[in-house]
Enquirer: 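Dropping a structure here in structure tokens format, bear with me for questions.
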Amino acid sequence: MWAVVQFAPGVNLIALAILMGNTLAGAAGVVVSLIGMLLPSAGITIIMTAAYATVRSNPAVQKALRGVTPALVGMSIVFLWRLLKPPMHKLQKNGSGPVLLGMALVLCAMALTAFNVPILIIYFVGAFVLGVAYTVWARQNKTEAHV
Amino acid sequence: MDWLTYFALMLKACLLSTGGRGPFPYLYADFLSHGWATDANFAEALSVGEISPGPSGLWVISFGYLTGGLTGALLALVAVTLPPLGVLLVSRIHQKLKDLPATQGVLDGLVLAIVGTAVVVLANLFVKNGLDPVTVGIFAVSAVLMYLGRIPSIFILLGAAIAGVLFL
């Protein structure tokens with residue numbers, strides 16, 4: 001199920017709950033899964049945010065937030081590093097050229113973002129380039145296997 | 001507030017991304033340009049999302065509350081809920097698509113683009129928060145602790161908040 005979920009848009013865990021609900025009880029299962037997963041957690045998230053909103057102008061809270069922001073950035077960078085590793089390992093198996101292409105795509109995405117190119121276009125470029133590259137490499141490998 | 005545009009931007013961010021933090025670059029670009037959010041709102045919402053129960057993607061609901069009150073939160077909830085329903089369609093075509101090299105290439109290419117985009121957006125957030133030895137230190141320590149994976153993220157954030165109160 002997790003393999004299917006990774007192809008779906010949006011939050012993976014919500015997609016997993018939908019898929020499990022659908023497998024167990026069809027449309028009713030989807031509704032129950034969504035309510036079961038989202039009602040308590042979304043409710044608590046809203047309550048926590050509302051509570052935070054009442055104290056956000058407090059100078060101590062502002063200082064705490066200034067401390068939390070770099071922590072979030074640091075944690076997110078590690079998360080991105082973990083996200084990056086599986087595709088880079090796959091590219092590594094095809095040689096140094098594909099690794100360089102992968103690195104170039106990341107740098108290209110960074111540059112385009114810095115120049116305010118719409119994110120949708122950046123994502124499309126990344127998906128298109130590696131979609132074509134993987135197809136070409138698969139054909140080359142097939143040809144070499146025949147020879 | 002133009003609620004229709006607000007919801008459309010939320011839905012676009014959730015629909016055209018994957019994972020809990022996937023909507024972040026879209027929301028950062030769109031909401032700042034509309035003047036509906038500040039950099040601080042993202043740090044606030046991501047923090048609440050990190051410590052609240054449920055999927056990490058629910059930070060979008062917190063972001064909705066901070067930028068649009070209860071209406072914003074409820075619209076964000078709908079925007080977060082609708083795109084994953086696409087998994088029902090995906091499950092039908094997954095068997096046909098999963099072995100195509102292009103499918104894996106598209107997904108991997110998307111990941112590389114997401115990483116590149118997110119790094120720049122995060123760097124913006126970091127710089128606008130104020131660069132000084134304390135914030136750089138908090139960044140480095142948090143990244144190392146997260147990488148080692150021995151301390152839950154909620155405690156890393158708590159430590160950063162205390163460091164902020166004491167030293168900033």
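Keep in mind that what you see is a predicted model, and the values were worked out from it rather than measured. Side chains are part of it too, since the values below use all heavy atoms of this structure and drop only hydrogens, waters and symmetry mates. Lettering follows sequence order; numbering is per chain, from 1.
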Enquirer: Is A:Leu38 in contact with chain B via its backbone, its side chain, both, or neither, using a 4.5 Å heavy-atom distance?
Expert: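 Contact with chain B: side chain only.
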Enquirer: Below 4.5 Å from any heavy atom of chain B, which atoms of A:Leu16 appear? Answer side chain, backbone, both or neither.
Expert: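 Nothing of A:Leu16, per the 4.5 Å heavy-atom cut-off to chain B.
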Enquirer: Start with the C-alpha gap between B:Val115 and A:Met110, add the side-chain angles, then the distance that decides, and say whether side chain to side chain contact (heavy atoms under 4.5 Å, CB included) holds.
Expert: CA-CA 8 Å; B:Val115 169; A:Met110 290 172 72; over 6 Å; no
Enquirer: B:Asn129 side chain to A:Arg66 main-chain N or O, any donor-acceptor pair under 3.5 Å?
Expert: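 Yes; judged by distance alone, with no hydrogens or angles, the pair exists.
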Enquirer: Identify which part of A:Val129 has an atom lying under 4.5 Å from any heavy atom of chain B, answering side chain, backbone, both or neither.
Expert: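 Contact with chain B involves no heavy atom of A:Val129 at all.
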Enquirer: In Å, rounded to the nearest 0.5 Å, how long is the span from CZ of B:Phe139 to OG of A:Ser76?
Expert: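 Those atoms lie 9.5 Å apart.
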Enquirer: Between B:Tyr26 and A:Tyr123, is the ring centroid distance below 6.0 Å?
Expert: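 Ring centres of A:Tyr123 and B:Tyr26 closer than 6.0 Å.
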Enquirer: For A:Arg82, which atoms come within 4.5 Å of any heavy atom of chain B: side chain, backbone, both, or neither?
Expert: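 Contact with chain B involves the side chain of A:Arg82 alone.
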Enquirer: Measure A:Val132 against the heavy atoms of chain B and call it side chain, backbone, both or neither at under 4.5 Å.
Expert: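 When you check distances to chain B, no heavy atom of A:Val132 falls under 4.5 Å.
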Enquirer: Can you tell which part of A:Met103 gets under 4.5 Å to a heavy atom of chain B, answering side chain, backbone, both or neither?
Expert: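 No part of A:Met103 comes within 4.5 Å of chain B.
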Enquirer: Measure distances from B:Ser91 to the heavy atoms of chain A and classify the residue's part below 4.5 Å as side chain, backbone, both or neither.
Expert: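 For B:Ser91, heavy atoms of backbone and side chain both lie under 4.5 Å from chain A.
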Enquirer: Does any heavy atom of chain B fall under 4.5 Å from the side chain of A:Trp137, the backbone, both, or neither of them?
Expert: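 When you check distances to chain B, no heavy atom of A:Trp137 falls under 4.5 Å.
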Enquirer: Does any backbone or side-chain atom of A:Ala50 lie under 4.5 Å from a heavy atom of chain B? Answer side chain, backbone, both or neither.
Expert: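 Both parts, backbone and side chain.
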Enquirer: Can you say whether B:Leu100 sits under 4.5 Å from chain A via the side chain, the backbone, both, or neither, judging by heavy atoms?
Expert: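 B:Leu100 has no heavy atom closer than 4.5 Å to chain A.
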Enquirer: Counting only non-hydrogen atoms closer than 4.5 Å, does B:Leu70 touch chain A with its backbone (N, CA, C, O), its side chain (CB onward), both, or neither?
Expert: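 For B:Leu70, the side chain is the part near chain A, not the backbone.
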Enquirer: Side chain, backbone, both or neither: which part of A:Ala133 has a heavy atom under 4.5 Å from chain B?
Expert: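 The answer is neither part of A:Ala133.
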Enquirer: To the closest 0.5 Å, what do you measure between OG (B:Ser153) and CZ (A:Phe79)?
Expert: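 These two atoms lie 12.0 Å from each other.
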Enquirer: Please flag which part of A:Val78 lies under 4.5 Å from any non-hydrogen atom of chain B: side chain, backbone, both or neither.
Expert: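 Just its side chain gets close to chain B.
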Enquirer: Measuring from B:Ile61:CD1 to A:Thr49:OG1, what's the distance to the nearest 0.5 Å?
Expert: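 Going from the CD1 atom of B:Ile61 to the OG1 atom of A:Thr49 covers 9.0 Å.
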Enquirer: Which bit of B:Leu77 is near chain A, if near means a heavy-atom gap under 4.5 Å: side chain, backbone, both or neither?
Expert: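 Looking at B:Leu77, just its side chain touches chain A.
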Enquirer: Against chain B, label A:Phe7 side chain, backbone, both or neither, depending on which of its atoms sit under 4.5 Å from a heavy atom there.
Expert: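 Both backbone and side chain.
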Enquirer: Check whether A:Ile122 gets within reach of chain B through its side chain, its backbone, both or neither, counting any heavy atom under 4.5 Å.
Expert: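 Both backbone and side chain.
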Enquirer: Please walk me through it: do A:Leu83 and B:Arg21 pass side chain to side chain contact (heavy atoms under 4.5 Å, CB included)?
Expert: CA-CA 12 Å; A:Leu83 199 65; B:Arg21 291 185 186 175; over 6 Å; no
Enquirer: Using 0.5 Å steps for rounding, measure from the OG1 atom of A:Thr69 to the NZ atom of B:Lys128.
Expert: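 Spacing of OG1 (A:Thr69) from NZ (B:Lys128) equals 12.5 Å.
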Enquirer: For the atom pair CG (B:Leu88) and CG (A:Asn22), what is the distance rounded to the nearest 0.5 Å?
Expert: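 The distance works out to 5.0 Å.
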Enquirer: Given a strict heavy-atom distance threshold of 4.5 Å, which part of A:Leu13 is in contact with chain B: side chain, backbone, both, or neither?
Expert: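 The side chain, not the backbone.
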Enquirer: Side chain, backbone, both or neither: which part of B:Leu122 has a heavy atom under 4.5 Å from chain A?
Expert: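 Looking at B:Leu122, backbone and side chain both touch chain A.
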Enquirer: Side chain from CB out, backbone as N, CA, C, O: work out which of these in B:Ala40 comes under 4.5 Å of a heavy atom of chain A, or both, or neither.
Expert: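 For B:Ala40, heavy atoms of backbone and side chain both lie under 4.5 Å from chain A.
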Enquirer: Below 4.5 Å from any heavy atom of chain A, which atoms of B:Ala163 appear? Answer side chain, backbone, both or neither.
Expert: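 It is neither, since no heavy atom gets under 4.5 Å.
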